[in-house]
Amino acid sequence: MKPYVRKLVLEDLLHIGRTECWLEDMAREGLHLERFGRLGTAVFRRGAPEEVRCRIDVSPAPPEPAQVTLYQEAGWDYVTRSGQLNFYRSPGARNAPELHTDPAQQAATLEGLERQLRRSAILVGALMAVFFAMMFFVFFWDATPWKSLADGDLLNQAILCLVEGYALLMVLRTFLSLRSLHRKLERGVPINHREDWRGPRRRAAMALGGILVLAAVGAAVPWMQLASRQEMNLTDPAAAGLPVLRLAELEQDPALEPEAGSIIRDGVDFSNRVETRWSPFSRLTESREQGVIPGRTWPDSSGEYSPSVRTTHYRLTFGWMAPYLLQDLMERYHHNPTQPPALLWDTGLDEAWLAGNDLYARLGNQVAVIRYYGQAPAEQWVAAAETFLRENQ
């Protein structure tokens with residue numbers, strides 16, 4: 001059996017009454033405080049169960065040898081120090097007098113530490129306010145928070161905000177606790193050396209566990225998103241099972257031929273490609289395709305008729321997000337205030353809006369933006385888009 005045991009502190013040691021009671025109860029179980037280690041741990045030495053009294057003295061500097069000797073003569077043995085806290089113990093059989101018998105005098109020892117914690121709380125609060133303002137600006141300034149959530153960006157930042165908020169809460173909680181203790185001592189109310197520590201420690205463990213899980217999720221999700229990203233040509237076999245609206249379905253002209261793009265990146269034709277991305281809230285598929293119909297020109301005689309389509313398709317984890325995401329996508333992609341999207345009433349979709357040749361639609365847990373550049377009649381290509389969403393339900 002190892003001679004030493006490490007335990008997480010969990011609660012701030014400045015909850016003096018709880019900390020003293022915790023150390024005394026540990027001694028009754030045969031675990032005697034030896035020192036405080038790194039990463040918020042306390043090191044206990046195994047020994048015989050013993051009734052001891054533990055007390056904490058606050059001082060900005062370690063105790064002088066003369067003070068240690070004086071306390072020892074009074075029955076109190078110096079154990080260790082953490083921050084501005086000096087830890088003493090006394091076996092119950094010694095019946096040693098209290099370290100502090102005058103609460104008002106003990107309150108004076110907390111004044112410097114309270115000022116320090118107040119400055120820390122103000123500084124951390126100001127930094128967190130700037131941080132939260134930046135996060136709000138990034139994700140709400142363009143009025144598309146549901147798109148950010150569906151893309152997975154907002155989730156990671158929300159988790160980061162929760163972790164940072166937890167750190168701020170702990171700083172404020174410690175300061176308010178010490179200030180409350182200081183005020184009680186000034187009123188002559190002594191420290192409760194038998195304050196219950198089990199309930200607060202259990203709640204602190206649950207909160208810390210939750211924060212660690214959130215932090216792990218926040219760290220893992222970006223890597224999972226990166227690993228799930230795929231980019232391929234429309235002609236690749238793997239693209240066959242993806243929700244891709246093909247240009248031929250919109251044009252419905254057997255003379256349509258594929259047209260290669262001018263940009264090739266890693267073997268992928270940028271103008272005829274499909275890209276998939278995953279987030280905890282959606283599966284996103286974006287595709288581009290362009291073609292040409294030989295012998296046919298644009299109505300303005302600007303050149304050979306070469307239609308194209310770009311599809312953004314979301315399959316949401318939670319269907320209730322669909323109406324909100326659809327509104328965000330219209331906010332994100334529609335930039336012509338003189339031609340606002342018109343609601344289509346004659347479709348079998350849950351909701352459909354048409355703005356020029358841009359269709360914004362949702363069906364069940366699917367949300368899609370279809371940007372078509374061509375001369376096919378609206379009733380023809382919109383019907384094809386509706387069929388596409390129904391086939392992918």
Side-chain angles (χ1 to χ4, degrees), residues 124 127-169 210-232 238-239 242-245 265-266 268 270 273-288 310-335 341 350-351 353 355 358-371 389 392:
V124 173
L127 292 175
M128 289 299 101
V130 172
F131 173 78
F132 293 142
M134 290 174 58
M135 292 298 100
F136 181 86
F137 177 83
V138 169
F139 291 104
F140 292 91
W141 184 258
D142 63 354
T144 58
W146 292 99
K147 181 181 182 300
S148 297
L149 185 62
D151 291 341
D153 301 328
L154 185 58
L155 173 66
N156 300 332
Q157 300 305 321
I159 290 175
L160 181 58
C161 286
L162 287 174
V163 173
E164 297 290 347
Y166 173 80
L168 174 61
L169 179 62
I211 288 297
L212 290 177
V213 169
L214 284 176
V217 171
V221 165
W223 290 101
M224 295 171 64
Q225 289 180 273
L226 185 62
S228 70
R229 182 174 179 176
Q230 293 180 305
E231 188 177 41
M232 66 195 78
L242 297 176
V244 175
L245 178 58
R265 183 177 59 192
D266 298 329
V268 177
F270 190 76
R273 68 182 178 92
V274 57
E275 180 181 350
T276 63
R277 297 194 298 275
W278 171 89
S279 85
F281 294 97
S282 73
R283 183 77 181 185
L284 171 62
T285 304
E286 286 190 300
S287 62
R288 297 169 180 256
R310 180 174 179 178
T311 304
T312 301
H313 179 274
Y314 287 88
R315 187 179 300 280
L316 297 171
T317 306
F318 305 104
W320 57 265
M321 291 175 53
Y324 308 105
L325 176 59
L326 184 63
Q327 293 299 316
D328 275 10
L329 292 174
M330 284 192 284
E331 179 72 26
R332 172 66 176 82
Y333 293 116
H334 185 69
H335 305 294
D350 293 337
E351 188 176 358
W353 297 79
D358 292 349
L359 177 67
Y360 303 88
R362 65 179 178 89
L363 179 65
N365 68 339
Q366 298 179 87
V367 178
V369 179
I370 298 165
R371 283 165 284 177
L389 290 175
N392 283 280

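As a basis for the values below, the full set of heavy atoms in this structure was taken, side chains included, without hydrogen atoms, waters or symmetry mates. What you see is a predicted model, and the numbers here were worked out from it, not measured in a lab.
In terms of the side chain to side chain contact (heavy atoms under 4.5 Å, CB included) criterion, residue partners of Ser282 (sequence neighbours excluded) are, by chain and number, Ala150, Ser279, Tyr314, Leu316. Taking Asp151 as the reference, Lys147 meet the salt bridge (charged side-chain N to carboxylate O under 4.0 Å, His left out) condition, with sequence neighbours excluded. The side chain to side chain contact (heavy atoms under 4.5 Å, CB included) test applied to Asp358 returns Tyr360, Arg371, not counting sequence neighbours. For Leu160, the side chain to side chain contact (heavy atoms under 4.5 Å, CB included) criterion is met by Phe131, Gln157, Glu164, not counting sequence neighbours. Listed by chain and number, the residues in a ring pair (Phe, Tyr, Trp, His ring centres under 6.0 Å) with Tyr324 are Trp146 (sequence neighbours excluded).
Side chain of Thr317 to backbone of Pro280: a donor-acceptor contact under 3.5 angstrom is found. With hydrogens and angles disregarded, a donor-acceptor distance shorter than 3.5 Å links the side chain of Asp350 to the backbone of Gly364. Counting only distance, with no hydrogens or angles, the side chain of Arg315 and the backbone of Thr285 share no donor-acceptor pair below 3.5 Å.
Across all non-hydrogen atoms, the minimal contact from Gln225 to Gly152 is NE2-CA, 3.7 Å. When all heavy atoms of Trp223 and Ala219 are compared, the pair lying nearest together is CD1-O, 3.1 Å. Residue Ala355 comes nearest to Pro341 through the heavy atom pair CB-CA, 3.8 Å, listed as atom of the first residue, atom of the second, then distance. For the residue pair Pro145 and Asp328, the shortest heavy atom distance occurs at N-OD2, 3.2 Å. The two residues Asn156 and Pro222 have their closest heavy-atom pair at ND2-CG, 3.6 Å. Between Ala239 and Met232, the shortest heavy-atom contact is N-SD, 3.5 Å.
Considering OG of Ser228 and CG of Leu284, their distance stands at 10.0 Å, rounded to 0.5 Å. A distance of 9.5 Å separates CG in Leu245 from CG in Asn392, rounded to the nearest 0.5 Å. In this structure, Leu214 CG and Leu155 CG are separated by 9.0 Å, a value rounded to the nearest 0.5 Å. To the nearest 0.5 angstrom, Leu226 atom CG is 12.0 Å from Trp278 atom CH2. Taken from NE2 in His313 to OG in Ser287, the straight-line distance is 10.0 Å, to the nearest 0.5 Å. Rounding to the nearest 0.5 Å places CG of Leu363 at 11.5 Å from CG of Leu326.
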Run the numbers on Leu242 and Gln230 for side chain to side chain contact (heavy atoms under 4.5 Å, CB included), then give the verdict. CA-CA 11 Å; Leu242 297 176; Gln230 293 180 305; 5.8 Å; no

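At a threshold of 4.5 Å between non-hydrogen side-chain atoms, the residues Gln327 and Trp353 count as touching.
Residue pairs that meet the salt bridge (Lys or Arg N to Asp or Glu O under 4.0 Å) test with at least one member in residues 218-232, sequence neighbours left out, are Arg229-Glu275, Glu231-Arg265, Glu231-Arg273.
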